[in-house]
Every structure is written in structure tokens, then in C-alpha cells.
Amino acid sequence: MDQIKVLVVDDESRMRKLVRDFLEREGYKVLEAGDGIEAMDIFYENKDVCLIILDVMMPKMDGWQVCREIRQSSKVPIIMLTARSEERDELQGFDLGVDEYISKPFSPKILVARVEAILRRTCSAAEEDALEAGGIRVDKTAHIVTIDGENVDLSYKEFELLAYFMENKGVALSREKILNNVWDYDYFGDARTIDTHVKKLRSKLGDKGDYIKTVWGMGYKFEVD
């Protein structure tokens with residue numbers, strides 16, 4: 001199994017070494033950056049970083065700026081480290097999407113425990129965002145559909161429709177219910193648009209398209225034989 005990558009960003013090499021030693025002891029792969037600009041370069045080169053431990057006060061680009069830039073393209077968990085303990089700093093951190101806030105000095109063992117708790121939470125959330133049935137896998141976070149490992153190109157609505165079917169596997173769904181849940185509430189078309197999308201979706205799924213059963217006089221049901 002691949003090691004989980006954690007990016008540690010702090011301008012104090014002593015602090016980076018302390019955190020790295022404790023994390024590596026628990027089996028994590030640690031990447032290090034001494035300032036915000038270096039952190040962004042490493043982050044863009046390593047898209048599989050699972051968590052960032054980020055100091056606030058740094059030269060060139062501080063932790064707030066780094067967090068702001070990362071949040072434009074990623075939901076990777078961020079633990080913010082700071083020598084300050086003022087409430088307004090914590091609130092600013094949470095407003096920017098920081099997951100945890102730890103004031104220096106701190107116990108490395110507590111930091112490791114926080115890292116493990118966050119990764120357990122985010123990993124389980126990622127698993128919940130993936131649907132699988134009969135060789136079809138829908139990754140709701142990445143918006144990717146694969147059939148037996150091969151990517152399938154679906155439109156946005158086709159993707160939403162397939163995800164809704166798979167979330168309700170074995171349940172007979174009326175056209176009205178599908179319309180209310182997959183299309184916007186202000187959609188003014190009629191239920192025939194569902195039949196059109198189902199036809200296209202079945203075609204793109206190939207043999208797996210047979211999983212979408214027609215329930216005559218009502219709607220559809222996703223069922224794996």
C-alpha cells in the first residue's frame with residue numbers, strides 16, 4: 001500500500017524535523033517546504049498530498065495566502081500552526097477552510113492524533129462519495145465514471161442521473177421523482193426529457209445499460225442482475 005503523503009510547511013527547520021520524525025514513525029511520507037512559495041510548488045507537483053500542516057508566519061508568502069490559493073482548487077485537509085492563540089486568527093482560519101487549528105507550542109503526539117483523526121474522517125467521506133455496482137464505479141468527488149476500470153464520458157446530467165439511480169439501487173423511481181431530484185427545481189420541461197437522457201445513458205454504458213430497467217407506466221429502476 002502506498003504511503004500517505006503529508007506536506008509540512010514551516011520556516012523553522014527544527015520544527016519541520018520534529019513533526020517529520022513523529023509522522024514518519026507512524027508510517028507517513030513527509031514532504032517539506034520552508035516557505036509558502038516552495039509549498040505551492042511542491043503541492044502542484046504532488047497532487048496526491050493527503051494533508052497539509054501549515055505554519056502561519058512565514059517569509060515570501062504566509063500561511064493565510066497559501067491556504068487561500070490551495071482552496072481555489074483543492075479540498076485537501078489543512079492543519080494550521082501558529083504562535084498566536086487569538087480568537088480572530090482561528091476564525092480567519094476556519095473562514096478560509098482550515099480543518100484544524102493548533103497553537104505553538106504543541107505536543108507532537110497530539111498533532112499526530114489530529115492528523116490521524118482528520119485522515120480517517122476524510123478517507124471515509126471519500127469512500128461515501130464513490131458508488132459501485134456491477135462493474136460501474138461513480139466517483140462523485142472527481143466526477144468520473146468507469147466501467148470495469150475504463151473511463152466513460154458522460155454529460156453533467158447523465159452523470160447526475162446515473163449517480164441517482166445507483167444511490168437508489170433496487171428502488172422503482174417515478175419520472176416525477178427523478179425530475180425533482182436530478183433536474184433543478186425550476187426546470188419547466190416535462191418528464192419526456194428523462195426518457196431521452198436514459199436512452200443516451202444506456203447507450204454510453206453499453207451492456208451495463210441493461211441495469212436501468214423500465215418500470216412500465218411509472219419510471220425506472222437500477223438493478224444489477
Side-chain angles (χ1 to χ4, degrees), residues 1-2 4-5 7 40 43-52 67-78 95-97 99 118-225:
M1 184 177 174
D2 292 339
I4 294 174
K5 285 186 184 178
L7 173 58
M40 292 311 307
F43 178 71
Y44 287 133
E45 289 169 7
N46 295 269
K47 284 297 187 182
D48 55 346
V49 165
C50 292
L51 183 140
I52 298 173
C67 183
R68 210 172 276 117
E69 185 163 336
I70 286 172
R71 281 292 174 259
Q72 290 178 4
S73 62
S74 173
K75 293 181 180 178
V76 64
I78 296 174
D95 284 344
L96 289 173
D99 295 84
I118 288 176
L119 289 173
R120 274 198 306 271
R121 195 164 68 232
T122 54
C123 287
S124 63
E127 286 168 9
E128 288 169 9
D129 279 343
L131 304 166
E132 291 190 60
I136 301 174
R137 188 176 195 276
V138 174
D139 186 331
K140 293 171 70 177
T141 302
H143 228 259
I144 293 171
V145 174
T146 57
I147 292 180
D148 297 330
E150 297 292 322
N151 279 16
V152 180
D153 187 24
L154 300 182
S155 70
Y156 179 79
K157 275 297 174 225
E158 289 163 355
F159 181 94
E160 294 292 304
L161 184 59
L162 177 60
Y164 183 62
F165 279 145
M166 291 179 68
E167 285 168 346
N168 292 276
K169 187 170 61 174
V171 178
L173 302 165
S174 68
R175 287 176 175 82
E176 182 181 12
K177 191 167 185 178
I178 296 169
L179 202 58
N180 289 338
N181 283 276
V182 178
W183 272 258
D184 295 334
Y185 63 89
D186 57 355
Y187 179 74
F188 292 111
D190 59 40
R192 283 177 298 183
T193 190
I194 295 169
D195 298 334
T196 302
H197 277 79
V198 167
K199 185 177 179 181
K200 289 179 181 176
L201 180 57
R202 279 173 169 161
S203 175
K204 289 185 178 181
L205 295 178
D207 294 342
K208 312 287 188 186
D210 292 340
Y211 295 160
I212 304 172
K213 318 286 188 188
T214 299
V215 180
W216 296 108
M218 182 187 178
Y220 298 95
K221 177 167 64 172
F222 183 89
E223 200 167 49
V224 177
D225 297 329

Decide if atom CG of D48 counts as having more than 12 heavy atoms of other residues, nucleotides or ligands within a radius under 6.0 Å.
->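 Above 12, so yes.
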
When you look at CG of D153, are more than 12 heavy atoms from neighbouring residues, nucleotides or ligands closer to it than 6.0 Å?
->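 12 or below, so no.
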
Can you tell me how far the [atom1] atom of [X] sits from the [atom2] atom of [Y], to the nearest 0.5 Å?
X: I194; Y: K157; atom1: CD1; atom2: NZ; answer: 11.0 Å
X: L173; Y: L179; atom1: CG; atom2: CG; answer: 12.5 Å
X: E223; Y: I212; atom1: CD; atom2: CD1; answer: 12.5 Å

Where is the tightest heavy-atom contact between [X] and [Y], given as atom of each residue plus distance?
X: A133; Y: M166; result: N-CE, 3.6 Å
X: L131; Y: E167; result: CD1-CG, 3.7 Å
X: I118; Y: P77; result: CG2-CB, 3.4 Å
X: K140; Y: F159; result: CA-CZ, 4.0 Å
X: L119; Y: C50; result: CD2-O, 3.8 Å
X: K47; Y: S73; result: NZ-OG, 4.5 Å

Should the ring pair F222 and F165 be called parallel, tilted or perpendicular, given that the plane angle runs from 0 to 90° and is split at 30 and 60?
->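 Rings of F222 and F165: parallel, as their planes differ by under 30°.
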
Go through the steps for I70 and I78 under the test side chain to side chain contact (heavy atoms under 4.5 Å, CB included), then give the verdict.
-> CA-CA 10 Å; I70 286 172; I78 296 174; 4.2 Å; yes

Can any side-chain N or O of [X] pair as donor or acceptor with the backbone N or O of [Y] at less than 3.5 Å?
X: D139; Y: A130; result: no
X: K208; Y: G134; result: yes
X: R71; Y: V76; result: yes
X: K213; Y: D210; result: yes

Partner residues of E158 under the side chain to side chain contact (heavy atoms under 4.5 Å, CB included) criterion, sequence neighbours left out =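 Result, side chain to side chain contact (heavy atoms under 4.5 Å, CB included) vs E158: L154, S155, H197, K200, L201, K204.
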
When you compare the side chain of [Y] with that of [X], does any pair of heavy atoms fall below 4.5 Å?
X: Y44; Y: M40; result: yes
X: V215; Y: Y220; result: no
X: V224; Y: Y211; result: yes
X: L162; Y: L205; result: yes

Using the side chain to side chain donor-acceptor pair (under 3.5 Å) rule, collect all pairs that involve residues 168-177, keeping only residues at least two apart or in two chains.
->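 Those involving residues 168-177 are R175-D195.
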
